[in-house]
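Here's the structure we're looking at; comments come further down.
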Amino acid sequence: MSMNDRYDPKSIEPRWQARWEEAGAFQAGRRPSAQKRYVLEMFPYPSGAMHMGHGRVYTIGDALARYLRMRGFDVLHPIGFDALGLPAENAALKDGRHPAERTRENIVSFRAEMKRLGYSFDWAREISTCDPEYYRWNQWFFLQMLERGIVYRREGKANWCTGCQTVIANEQVVDDNRCERCESPVVEKVIPEWAFRITAFAQDLLDGLDRLVDWPERITTMQRNWIGKSVGAEVDFDVPGAAPIKVFTTRVDTIYGCTYVVLAPEHPLVEQVTAPERRAEVRAFVERMRKTDAAERTGENAPKDGVFTGAHAVNPYDGQRVPVWIANFVLAEYGTGAVMSVPAHDQRDFEFARKYGLPIRVVIQPAKGDRLPAGDRLGQAYTEDGVLEGSGPYTGLASAAAREKMSEHARAKGFGQPTVRWHLRDWGFSRQRYWGTPIPIVYCPEHGAVPVPEDQLPVVLPEKAVITGKGEPPLAKVPEFVNTTCPRCGGPARREVETMDTFVDSSWYYARYLSPHDDRRPFDPEAAKRWLPVDTYVGGPEHAVMHLLYFRFWHRVMHRLGLVQEDEPCRRLVTQGIVNGPDGRKMSKRWGNVVQPGPMVDRYGADTLRLFILFAAPPEKDIDWSDEQVDGLFRFLARVWRLFHARQDCFATSERGGASAPPSPPLAPGQPHPAAPALADDAALAQAAGDFLELRRRTHRTIKKCTESFEGELKFNTGIAALMELVNALYGLEPRTEADRAAVREAFVALATLLAPFAPHAAEELWHEVLGAAAREQLLADAPWPPFDPALVAADTVTIAVQVNGKLRGEVQASVSAGEAEVRALAEAEARVKAHLAGKTVRKVIFVPKRLMNFVVG
RNA sequence: GGGGCCGUGGCGGAACGGGUAGACGCAGGGGACUUAAAAUCCUCCGCCGGGUCGCACCGGCGUCCCGGUUCGAGUCCGGGCGGCCCCACCA
């Protein structure tokens, strides 16, 4: 192949994609004796065409995977499709096409787009969750978890999406009680459902967060808040003539300030405690609450609203009788559905007490500073910890100590106990929809819910679908599916017609990649030993409390089942920002600002698109699409192209010797690389001087900089910037001697190699061009990452800034080893410095070797 | 209300543990090449003022605002203001 003047990605990219595939360059397991790295990006939901957001995740992950391969690791970089779920079914409702058909089509288009972008996936491991060979293992897990009590059937209030006509998970309810998917209102509905006992893992999931040091803190914080542990106490308030009211509080230290008790409107004791003369009013209130939209009722801005029941309860600590109220702001499903109200020390209680004229009693004083006024003159609740007063035997104790003593006292006396409450709820995963994994249960009139035996899996989702979006679940309308026999007695029975939440599919897919065609178990535990946990997981931060919590839960389950060694699925998480439209708004048909990756590849080639995505900003930041910037990156590649072309005299003339490159620095253990071609002829290189010695320094600094952009925080933008600087430097040089050419050649090899993770096709082409026959048999994708020479990275002369009283007044050139006296002499000789020192007394001189000298004068 | 992140040129963004602010790119100005345009190559580009025929050069200000620590602050501390994200009457 000969090099053309014009950079033409269309002629380059498909050719290298074919070569990589032919060579199996991206197959995991090619270096069995090397250390492994598992690089994973969240698999796509193929609901439409691939969009720019996908382009960004996979470009980030791919750059890393390619780099790690070049560092000598055995890299697993798989891809698959999260194919089951509501959107495909919702689309089917619109145009009547079968979800399977639509999904298959979308997958074909995704796969083609991804290949065109040149992602280094191990395609042999591709999975699709709508494949029975995949979801049968969802069913298998279900059975295992059922047996262990981690799956159970419950009858409870569920979030019912009025749009999707199905139950959705707590985590899928977003802003103002709307569905995360379709934004329809979500209402509460009492319905039987299957649930995972994720709450049994709450403490463990919480503790695990402390070990996830390479996760973004905001994600672990969000999980921590979502799990929502609160340590407190349960206390029983006796109600004469009725069952005691059990309240949950995190501030039992304030209980002597309790002046009333509040029940949630739905609390089971409401009817029982209400005095006959209050009944009408209470019922009217409860009825009104029932009819009010949940968000409106319990939203932050909702005014406090309540009603007195006529009953009184007894505070077990001081024997005081306090009135029992019902109020809108108490949630039936949190804690015990009842609270003790301490208006002096809780803002909500304070507001409520003010509104209804209930007493306010101060029982905590700040440890330092002014004392609080009496309750009736308090401007707002004092909610901090402090020192107890008016609290019987606990008076004088600090809040924390009091809490401990007081909850222990409750336990000793039998009217309460220390308690931990969680915000996290069990994960209800029943879906009354078609396009999901069938739940392997059969209902027998004789034996009730009977699990389908393992050897009868998979329960295959029938091809025939009656999708109306209304009424009964679609599977109920398919008699061939529903009607079956009981696995236990053989009598007529009906299958479960609910399907599993799509988040089940994504909870363990990363493990299926390890042995995607295994038909005896979900995956091979030996392979898991080799590859898990995932080393780097790239995906959007929007999954912080759904997928990312579920998959941590599922991994723990797999750990209990003995399938995996560790309890956390992934070491490092990288959350990438959004690609916005050119106008800075979220890409949307509504704004007409959508930019698709496909047409961009047509116009500029994959390499330019990839460079743009990586250069625009660090991965976590949102970026705006910019046609001008993309043009700029295309120009950069074209510039590199011309440069190589213009300097062919430096490398195309002769075959270089077989000297191999020095090994890559520390990270590359295991199997040695195939012998790498020399960067350049060592003897000639050693002769490089002047501008060309400078070039060599720059080359090695660039290698260092690029390497650093992959280590620690991923900052590809600065790595690419360094490459641009090297290119700019090369433009100014005119090599004349053999040593000059060797230095230029060294820079070219480095440039092509370092470009490989970012713009792999162009890099591959240039690399083969510069190395000629020496590289003919090797792919750059397989070549070693270049080492840098520390001696060349460290400059021998440096520019030292000279300040007078902290203001820059000049700079001097000095050798790196120059001491204070030497630099001072140089500095004082500078005209500007001299002028600023004239007539002043130097009181002090600060000298920072290699950086700066500051004269402090008076 | 709680939690997290963040405020740097016209724009996207650089700046290792406090040490020359603005790397690199985009946009823009000037020049070369060209019959011309595009492309390309070279070059300038924070603000204000002084200086010079034009340069060179010089001074002051400058990383949201106000204070502090320090020889020295984009970076550390305190207090504001503004933006984004998540959670939200969680007892």
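This is a predicted model, so every value here is computed, not measured. Per chain, numbering begins at 1; letters A, B, ... match sequence-line order.
Looking at A/Lys355 and A/Glu351, no side-chain N of the basic residue comes within less than 4.0 Å of a carboxylate O on the acidic one, giving no salt bridge. The residues A/Asp349 and A/Arg354 are annotated as not salt-bridged, no charged nitrogen and carboxylate oxygen being separated by less than 4.0 angstrom.
Look at the C1' atom in both B/C66 and B/G82: the space between them is 15 Å, to the nearest Å. Distance check on atom C1': B/C41 versus B/U34 gives 13 Å, rounded to whole Å. Using P as the reference atom, B/C48 and B/G67 are 24 Å apart when rounded to the nearest Å. Taking atom P in both B/A91 and B/C6, the straight-line distance is 28 Å, to the nearest Å. B/C76 and B/G18 are spaced 8 Å apart, taking the P atom of each and rounding to whole Å. Comparing the same atom, P, in B/U69 and in B/U75 gives a spacing of 15 Å after rounding to whole Å.
Summarising the geometry of A/Val823 relative to A/Ala818, their closest heavy-atom pair is CG2-CB, 3.8 Å, with the distance given to 0.1 Å.
Nucleotide B/A91 holds its P atom 11 Å from the CZ atom of A/Arg251, rounded to whole Å. With rounding to whole Å, A/Gln347 atom CD is found 11 Å from B/G2 atom P. For the pair A/Leu633 CG and B/G13 P, the computed distance is 14 Å after rounding to whole Å. Per the geometry, CZ belonging to A/Arg809 stands 14 Å off C1' belonging to B/C71, to the nearest Å. Straight-line distance from the CZ atom of A/Arg218 to the P atom of B/C5: 10 Å, rounded to whole Å. For the pair A/Ile623 CD1 and B/G13 P, the computed distance is 9 Å after rounding to whole Å. Distance CZ (A/Phe329) to P (B/C89): 12 Å, rounded to an integer number of Å. Computed from coordinates, the A/Asn805 CG to B/G19 C1' distance equals 15 Å when rounded to whole Å.
Heavy atoms of A/Asn717 sit under 4.0 angstrom from primed sugar atoms or phosphate atoms, though from no base atom. Nucleic acid contact for A/Val339: base, since at least one base atom lies under 4.0 Å from a heavy atom of the residue. Across all strands, A/Asn728 comes closer than 4.0 Å only to sugar-phosphate atoms, never to a base (heavy-atom distances). Nucleic acid contact for A/Gly632: sugar-phosphate only, since backbone atoms but no base atoms lie under 4.0 Å from a heavy atom of the residue. A/Glu628 comes within 4.0 angstrom of sugar-phosphate atoms only, judged by non-hydrogen atoms across all strands, and of no base. At a threshold of 4.0 angstrom between heavy atoms, the contacts of A/Tyr731 are confined to the sugar-phosphate backbone, with no base atom among them. Note on A/Pro541: nothing from the nucleic acid sits closer than 4.0 angstrom, heavy atoms only. Using a 4.0 Å heavy-atom distance criterion, A/Arg832 is classed as a sugar-phosphate-only contact. Using a 4.0 Å heavy-atom cutoff across all strands shown, A/Ser341 reaches no nucleic acid atom at all.
Contact annotation: A/Arg635 does not reach the phosphate of B/A39 (side-chain N/O to OP1 or OP2, under 4.0 Å). OP1 or OP2 of B/C90 has not a single side-chain nitrogen or oxygen of A/Lys229 nearer than 4.0 Å. Not one side-chain nitrogen or oxygen of A/Thr336 sits closer than 4.0 Å to the OP1 or OP2 atom of B/A91. Proximity of A/Arg421 to the phosphate of B/A91: no side-chain N or O atom is located under 4.0 Å from OP1 or OP2. Proximity of A/Lys621 to the phosphate of B/G13: a side-chain N or O atom is located under 4.0 Å from OP1 or OP2. In this structure, A/His836 does not reach the B/C58 phosphate: none of its side-chain N or O atoms is under 4.0 Å from OP1 or OP2.
Side chain A/Arg348 to base B/A91: a donor-acceptor pair is found below 3.5 Å.
For B/C84, the paired base is B/G4 (Watson-Crick or G-U wobble, both distances below 3.5 Å).
Relative to the side chain of A/Arg639, the nucleotides B/C41, B/A91, B/A27 differ in distance, and B/C41 lies closest. The A/Gln629 side chain lies nearest to B/G12 when the options are B/C58, B/G12, B/G72. Of the candidates B/C24, B/G59, B/C71, the closest approach to any side-chain atom of A/Ile846 belongs to B/C71. Checking B/C41, B/C26, B/A91 against the side-chain heavy atoms of A/Arg642 singles out B/C41 as nearest. Side-chain atoms of A/Ala801 lie closest to B/U20 of the nucleotides B/C87, B/U20, B/G13. Comparing B/U40, B/G3, B/A14 by their nearest atom to the side chain of A/Thr718 picks out B/A14. Side chain of A/Tyr334, nearest nucleotide from B/U20, B/A91, B/G4: B/A91.
Between A/Phe634 and A/Tyr7, the ring planes lie tilted relative to each other; the angle falls in the 30° to 60° range. Below 30°, between 30° and 60°, or above 60°: for A/Tyr356 and A/Phe352 the angle between ring planes is between 30° and 60°, a tilted geometry.
Relative to the six-membered ring of A/Phe329, A/Arg348 misses at least one condition, a distance below 6.0 Å or an angle of at most 45° to the axis. Taking the ring axis of A/Tyr731 as reference, the NZ or CZ atom of A/Arg642 does not stay both within 45° of it and closer than 6.0 Å to the ring centre.
Checked by atom type, the side-chain pair A/Thr799/A/Glu811 shows no donor-acceptor distance below 3.5 Å.
Using a 90° window around 0 for the glycosidic torsion, B/G79 falls outside it and is classed as anti.
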